[in-house]
Amino acid sequence: PATARAHAALTDLHPPADDILRDALAGLSRTPKRLPSKYFYDAQGSRLFEAITRQPEYYLTRVEQALLDDYLPAIASAIGSGAHVVEYGSGSGRKTRRLLEGLREPAAYTPVEISRAALLESTARLASALPAVEMLPVCADFTRPVPLPAPTRRPRRTLVFFPGSTLGNFTHDEAVGILAAMREAMGADGRALIGIDLQKDPALIEAAYNDAAGVTAAFTLNLLARLNRELGSDFDLAGFRHRAVYAGERSRIETFLVSQRAQQVQVAGRRFHFDAGEAMLVEYSHKYSDGGFATLAAAAGLAVADGRNDPRGWFGLRLLRP
Ligand code: AVJ
């Protein structure tokens with residue numbers, strides 16, 4: 001029954017295959033080439049990301065989870081009862097369950113997630129664990145405007161939840177745009193709870209994006225496998241390698257797929273040439289300072305109302321208000 005209810009309420013704005021095709025062709029036509037990281041998250045990519053969060057080097061998920069547990073009572077008093085929790089890029093929904101259980105009688109929960117499989121699975125799981133919370137899942141790309149479903153019971157306020165330092169996957173201008181859209185969605189009395197990975201020893205950061213088991217490399221390469229599956233392109237996965245380096249002057253991990261030899265790739269009847277050693281950018285993961293994040297939020301008209309970092313200062317949560 002939980003699954004049926006989750007299906008029935010689904011708002012599906014899933015990005016069509018021609019969006020992926022258009023974005024892939026545009027990115028491959030640029031110099032240097034690039035592909036958008038949002039396309040990592042098909043069913044297989046979402047599974048691989050879950051596996052990344054279990055790698056010993058990938059501290060982000062574990063540290064954020066512990067910080068959230070610790071910070072929740074204070075968040076619950078700041079938010080009050082009857083909130084509509086809206087989550088962008090909900091993934092597996094593991095952190096969400098703790099948040100919804102820790103808040104005071106949340107009225108409704110709207111996960112906005114690009115991966116349909118991950119969305120349906122996590123919503124079904126949450127619905128059976130939290131029967132009092134109205135589930136209003138939306139399958140959509142949150143980098144474009146998403147009309148939010150209205151809960152049956154009028155919520156007291158909206159809380160936008162954006163954990164995992166997902167904001168870090170966007171450029172400065174994109175991040176400002178996403179925060180500004182959140183500000184719009186949350187209304188005058190709303191709040192946003194944002195997870196941010198903080199600046200630290202670059203060796204720790206680089207290890208997190210180059211796990212010894214090679215799960216992150218498989219995750220990165222799945223982007224090409226996805227294009228082959230969905231667009232019928234002919235990327236040779238053995239011809240590319242994952243490379244993630246911390247660019248200190250830009251405070252971000254930059255992830256590339258590096259062509260191992262000179263090669264041609266066909267996408268929808270168009271041919272693209274890769275030189276040997278040519279690096280195609282596929283992801284940024286920005287790392288923040290306290291001040292840098294406050295400035296970013298301010299550019300979107302949001303103020304830091306409260307916040308907390310874990311004891312080592314590796315990861316932070318920030319509560320924002322308009
Ligand atoms: C989606 C932001 C949680 O950038 O750390 C993990 C994605 N990429 N390893 C991140 C990712 C490579 C991840 N987040």
Side-chain angles (χ1 to χ4, degrees), residues 34-68 87-96 111-115 118-119 122 141-143 161-172 174-175 178-179 193-200 202-226 240-247 250-258 279-288 293 296 310 314-318:
R34 55 193 304 171
L35 289 171
S37 60
K38 67 184 175 192
Y39 295 127
F40 281 140
Y41 303 94
D42 66 347
Q44 174 68 0
S46 297
R47 271 194 296 276
L48 285 166
F49 177 68
E50 286 308 308
I52 287 175
T53 67
R54 293 190 294 269
Q55 298 312 301
E57 299 93 336
Y58 196 77
Y59 59 85
L60 287 81
T61 312
R62 276 185 301 276
V63 175
E64 182 180 43
Q65 183 72 69
L67 175 62
L68 180 62
E87 180 171 9
Y88 289 98
S90 53
S92 78
R94 209 171 335 112
K95 291 161 200 155
T96 319
V112 180
E113 168 60 54
I114 197 166
S115 168
L119 179 70
S122 73
D141 172 0
F142 66 75
T143 65
F161 186 40
F162 197 39
S165 203
T166 302
L167 190 67
N169 293 148
F170 299 91
T171 64
H172 175 272
E174 289 169 341
I178 288 165
L179 291 169
L193 181 63
I194 317 263
I196 50 171
D197 196 21
L198 299 170
Q199 292 167 10
K200 65 182 70 60
L204 289 166
I205 301 175
E206 281 194 346
Y209 292 84
N210 290 283
D211 62 280
V215 181
T216 305
F219 171 75
T220 307
L221 281 162
N222 177 61
L223 182 57
L224 302 184
R226 178 186 189 172
F240 291 87
R241 252 194 227 142
H242 160 90
R243 182 163 79 210
V245 285
Y246 188 66
R250 295 181 287 279
S251 310
R252 66 190 184 200
I253 284 283
E254 298 177 349
T255 301
F256 303 92
L257 282 165
V258 183
M280 173 166 64
L281 177 70
V282 294
E283 190 182 50
Y284 293 136
S285 290
H286 286 86
K287 309 304 166 188
Y288 300 94
F293 179 73
L296 180 66
D310 76 283
W314 284 11
F315 202 95
L317 283 164
R318 298 291 180 272

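Atoms within a ligand are numbered from 1 in the order they appear, just like the ligands themselves.
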Legend entry - Side-chain heavy atoms of Leu167 within contact of Phe293, under 4.5 Å: yes
Inset, instruction - State which residue, out of Tyr59, Tyr288, Tyr58, fulfils the ring pair (Phe, Tyr, Trp, His ring centres under 6.0 Å) condition with Trp314. - result: Tyr59
Legend entry - Closest protein heavy atom (residue, atom, distance) for atom 4 (O) of ligand 1: Ser285 OG, 2.6 Å
Legend entry - Thr166 neighbourhood, listing ligand 1 atoms whose heavy-atom distance to it stays under 4.0 Å: 2 (C)
Legend entry - Location of contacts on Tyr41 toward ligand 1, heavy atoms closer than 4.0 Å: side chain
Inset, instruction - Give the minimum heavy-atom separation between Thr171 and His286, together with the two atoms involved. - result: CA-CE1, 4.2 Å
Inset, instruction - Kindly give the heavy-atom pair with the smallest separation between Lys95 and Pro163, and that separation in Å. - result: CD-CB, 4.0 Å
Inset, instruction - State the atoms of ligand 1, each with its element, that fall below the 4.0 Å cut-off from a heavy-atom position in Ser165. - result: 2 (C)
Inset, instruction - Give the residue, atom name and distance (to 0.1 Å) of the protein heavy atom nearest atom 3 (C) of ligand 1. - result: Gly164 O, 3.2 Å
Inset, instruction - Test ring-ring contact (aromatic ring centres under 6.0 Å, His included) on Phe219 and Tyr41 and set out the steps. - result: CA-CA 9 Å; Phe219 171 75; Tyr41 303 94; 5.6 Å; yes
Inset, instruction - Could you grab the distance from atom CZ of Phe161 to atom OG of Ser90, nearest 0.5 Å is fine? - result: 10.5 Å
Legend entry - Part of Phe49 with heavy atoms under 4.0 Å of ligand 1, whether side chain, backbone, both or neither: side chain
Inset, instruction - State whether the shortest distance between N or O atoms of Tyr209 and N or O atoms of ligand 1 falls below 3.5 angstrom. - result: yes
Inset, instruction - Have a look at His242 and tell me which of Thr255, Thr220, Thr216 forms a side chain to side chain donor-acceptor pair (under 3.5 Å) with it. - result: Thr220
Inset, instruction - Note the single closest protein heavy atom to atom 2 (C) of ligand 1, along with its residue, its atom name and the distance in Å. - result: Asn169 OD1, 3.1 Å
Inset, instruction - Report the nearest protein non-hydrogen atom to atom 13 (C) of ligand 1: residue, atom name, distance rounded to 0.1 Å. - result: Tyr58 OH, 3.2 Å
Inset, instruction - Just need the protein heavy atom nearest to atom 12 (C) of ligand 1, so name the residue and atom and give the distance. - result: Glu283 OE1, 3.4 Å
